[in-house]
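Below, read A as the first sequence line, B as the second, and so on, with proteins coming before strands; counting in each chain starts at 1.
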Number of protein chains: 2
Amino acid sequence: MDRARRVTLATVASALGVSRATVSNAYNHPERLSPRMRNRVLHTARELGYAGPHPLAATLSRGRVNALGLVHGAPMSFGFSDPAAVLFLQGVSEVCEREDLALVLIAGGPDSAVARVALVDAVVCYCDVPAEGGLATIVERGLPFVVVDGPRLPGAGHVGIDDRRGAEVAARHLLDLGHTRFGVVAMPLLEDGREGTADLERQARTRYRASRERLAGYREAIEAAGHDWAAVTVEERSPYGRDAGGRAAAALLARDPHPTALLAMSDELALGAMAAAADAGLAVPGDVSVVGFDDVPAAADAHPPLTTVRQPHREKGRLAASLLLRPGGVHDDEHHLPVELVVRGSTAPPPAR
Amino acid sequence: MDRARRVTLATVASALGVSRATVSNAYNHPERLSPRMRNRVLHTARELGYAGPHPLAATLSRGRVNALGLVHGAPMSFGFSDPAAVLFLQGVSEVCEREDLALVLIAGGPDSAVARVALVDAVVCYCDVPAEGGLATIVERGLPFVVVDGPRLPGAGHVGIDDRRGAEVAARHLLDLGHTRFGVVAMPLLEDGREGTADLERQARTRYRASRERLAGYREAIEAAGHDWAAVTVEERSPYGRDAGGRAAAALLARDPHPTALLAMSDELALGAMAAAADAGLAVPGDVSVVGFDDVPAAADAHPPLTTVRQPHREKGRLAASLLLRPGGVHDDEHHLPVELVVRGSTAPPPAR
DNA sequence: GCGTGCTATTGAACCGGTTCACCGCAGCGG
DNA sequence: CCGCTGCGGTGAACCGGTTCAATAGCACGC
């Protein structure tokens with residue numbers, strides 16, 4: 001079976017009595033060979049069952065593997081369950097497709113064994129890691145990379161949105177509608193996986209950039225309107241799914257009086273929150289308004305359609321990938337994409353007293 | 001800048017005056033070295049800014065890259081827009097994650113330039129290609145592979161479902177409810193991208209296995225109930241999205257009398273069809289019943305929730321990946337996963353005359 | 001008949017490691 | 001003091017190509 005010596009470029013060369021360089025040229029630089037020779041080579045190769053230069057070996061000399069890596073903060077399989085991540089992936093893959101690049105999904109996070117050895121030319125880090133020490137593996141490998149939605153790192157590109165402003169706009173929308181009692185359906189603030197109400201002290205220690213910024217945005221808007229932030233309950237749940245949103249909202253709505261407006265840090269959380277409201281016998285937006293963040297496709301399809309902050313997920317993916325392909329290498333500059341409030345049916349003035 | 005000779009394993013070796021083998025061992029076989037030597041090596045490496053053995057080179061000697069490839073029939077970016085494909089990907093990625101493998105998304109289909117050179121140990125083909133000549137590139141490269149939802153190929157594994165039975169069950173459900181006038185919302189039958197009503201002749205030439213089998217299933221059930229298949233309109237649309245389903249359904253529902261039951265070949269098509277029905281002023285399921293295929297998450301969330309044929313997408317992904325990792329290599333055997341009718345709210349008896 | 005200019009082909013170095021048979025040497029039992 | 005064992009370390013072959021300076025062969029102009 002495998003005893004049979006693998007047929008390599010050298011096999012073909014010696015079968016024809018030509019040099020290896022010639023065989024190599026037949027594949028990579030046809031114009032340097034006489035058509036006759038080229039045909040002989042290709043023909044013999046076919047006869048011998050030689051499938052062409054081994055990509056790995058070729059790559060070793062050339063120094064390029066023609067692949068973009070993508071590392072996820074959360075487990076990779078989660079990546080596919082989060083619709084926002086899927087849109088992002090779609091953006092990245094569009095660029096890869098156009099540029100004839102493979103897209104390598106790197107499991108286990110930025111410091112996994114896979115990240116250490118994955119065969120890629122550059123990597124997109126779609127994760128919100130702590131600024132210090134995060135991505136150490138990637139940095140050490142010396143690969144060009146861009147961080148999306150995460151911290152700014154020296155030498156790396158950065159793509160993100162203005163989370164704070166997005167959150168602020170969402171909160172202001174509810175304030176404008178006349179709401180005064182708010183609850184926040186929060187993504188994790190720290191890595192400890194704790195669930196529950198996050199007090200001011202915990203809020204101050206928030207490690208994830210997105211969570212921190214969105215929280216800050218809510219707060220700014222609410223305080224600017226003259227309300228007391230300390231009166232706003234922040235319910236933190238983990239991980240990111242609808243379930244989490246449902247549990248957080250259930251806790252918020254069980255309070256008396258319950259908030260009339262829920263600020264959800266993502267659409268998935270918001271969608272879960274809407275379901276929880278229904279379970280609690282509350283109408284959205286009649287009894288309680290909900291605003292999300294992300295504008296994933298399911299937001300528009302929800303009942304009622306979800307008011308949310310749109311961010312250009314696909315565009316973020318495209319941009320991140322493009323930055324890595326720029327001729328001059330990665331400049332460590334920052335790209336902020338626009339956010340926009342999309343008002344739909346899940347928000348309304350608070351119920352009359 | 002790059003003038004500075006890259007620091008390689010040899011650099012470290014000569015800096016220490018030891019052999020390259022020793023440095024290599026420090027990383028790969030610590031137990032073969034005295035702790036003292038190992039520390040010296042690691043320390044010097046760090047000092048020199050050596051990030052460890054170049055994965056590419058390591059891989060060349062070892063012969064394994066620790067990566068699984070995934071090739072898509074449709075453009076890769078489509079892959080992410082189809083929720084069924086996303087679930088499948090999730091399944092594959094779970095296995096990759098568990099096994100510390102990278103997951104390489106190969107753009108441009110099974111015969112693209114990327115497929116020719118992608119650095120992978122084995123590949124999952126998630127595509128319905130013609131049995132003859134499809135996947136030629138993969139076959140030539142001699143990579144182990146498994147085909148999902150496509151044709152059986154010698155030497156390759158196969159994972160699929162019983163599409164025919166699934167379709168049959170769906171149709172029988174509608175028949176049991178008393179329906180007699182059917183319309184089929186079809187995925188593409190041929191590669192020509194044609195849209196419109198597919199007559200019997202075109203149906204007979206169907207190239208895609210899934211389309212062919214599902215059509216056959218519908219037909220068997222309907223004929224078994226004593227109805228005339230020729231009276232069933234098959235509306236083919238391309239590509240696979242909701243829009244396509246909407247357009248097909250609009251055409252079907254514009255007929256007079258319109259069908260009271262729509263058999264959609266996928267949930268995305270079905271969801272589009274439901275929207276089209278609403279646009280046409282028809283109630284689902286009051287005026288028209290709709291049944292899908294796939295049971296994607298959005299099916300249960302739809303209004304009304306969609307009756308559909310469930311297939312285990314995630315499980316398919318897991319199985320396909322697992323087959324490639326089996327110690328003995330890929331056995332060319334066939335794995336059929338179960339399908340199951342899920343009755344929800346989109347089907348009901350036809351309206352009274 | 002000879003220098004010139006091409007083109008087709010080649011040899012050797014190189015990409016950056018891994019592996020394995022082998023060897024020197026320290027410690028140990030006798 | 002000797003031979004044996006086993007550990008720590010080494011040299012050389014190998015993985016499968018690419019690249020580039022050099023060369024051989026040939027037509028051409030003069």
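- In this structure, CG of A/L16 is placed 18 Å from P of C/dA8, rounded to the nearest angstrom.
- In B/H43, the NE2 atom is not crowded: 12 or fewer heavy atoms of neighbouring residues, nucleotides or ligands sit closer than 6.0 Å.
- We find that CD of A/E31 is positioned 14 Å from C1' of C/dT9, with the value rounded to whole Å.
- Neither OP1 nor OP2 of C/dT9 sits under 4.0 Å from any side-chain N or O of A/T22.
- As a whole-Å value, the separation of A/R38 CZ from C/dT9 C1' is 16 Å.
- Note on ring orientation: taking the six-membered ring where Trp is involved, the planes of B/F80 and A/F80 are parallel (angle under 30°, cut-offs 30° and 60°).
- Contacts of A/V23 with the nucleic acid, taken as non-hydrogen atoms under 4.0 Å apart, are absent.
- Checked against C/dT18, D/dG8, D/dT10, the side chain of B/A58 finds its nearest nucleotide in C/dT18.
- In this structure, B/D121 CG and B/L324 CG are separated by 10.0 Å, a value rounded to the nearest 0.5 Å.
- Two residues are said to be in side-chain contact when any heavy atoms from C-beta on lie closer than 4.5 Å; A/V124 and A/V71 fail this criterion.
- Nucleic acid contact class of B/L33 (heavy atoms, under 4.0 Å, all strands): sugar-phosphate only.
- Note that CG of B/L9 and OG1 of B/T22 are 9.5 Å apart. Values are rounded to the nearest 0.5 Å.
- Between the CZ atom of B/R6 and the P atom of C/dG17 there is a distance of 7 Å, given to the nearest Å.
- Look at CG on B/L60: it is 8 Å from C1' on D/dG17, rounded to the nearest Å.
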Please tabulate the protein-to-nucleotide N/O contacts below 3.5 Å involving nucleotides 19-28 of chain D, giving atom names and distances.
{"from": "D/dT19", "atom 1": "OP2", "to": "A/H29", "atom 2": "NE2", "distance (Å)": "3.3"}

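- When distances run from any side-chain atom of A/L9 to the nucleotides C/dG11, D/dG16, D/dG17, the shortest one goes to D/dG17.
- Using a distance-only test at 3.5 Å, with no hydrogens or angles considered, a donor-acceptor pair links the side chain of A/R209 to the main chain of A/G150.
- Fit an axis to the five pairs at each end of the helix from C/dG1-D/dC30 to C/dG30-D/dC1 and the two axes sit 50° apart, to the nearest 10 degrees.
- The closest side-chain heavy-atom distance from A/N28 to A/R62 is below 4.5 Å.
- The side chain to side chain contact (heavy atoms under 4.5 Å, CB included) test with B/F145 singles out one residue from B/V139, B/L323, B/V330, and that residue is B/V139.
- Checked against a 6.0 Å centroid threshold, the rings of B/H72 and B/Y126 count as neighbours.
- Under the 4.5 Å side-chain criterion, counting only non-hydrogen atoms from C-beta, B/R38 is not in contact with B/E31.
- As a whole-Å value, the separation of A/L119 CG from C/dG16 P is 14 Å.
- Less than 4.0 Å separates DNA chain C from no heavy atom of any residue of residues 39-56 of chain A.
- Here B/S34 reaches the OP1 or OP2 of D/dG9: one of its side-chain N or O atoms lies under 4.0 Å away.
- Atom CZ of B/R326 has more than 12 neighbouring heavy atoms from other residues, nucleotides or ligands inside a 6.0 Å radius.
- For A/D149 (side chain) and A/C127 (main-chain N/O), no donor-acceptor pair under 3.5 Å exists by modelled atom type.
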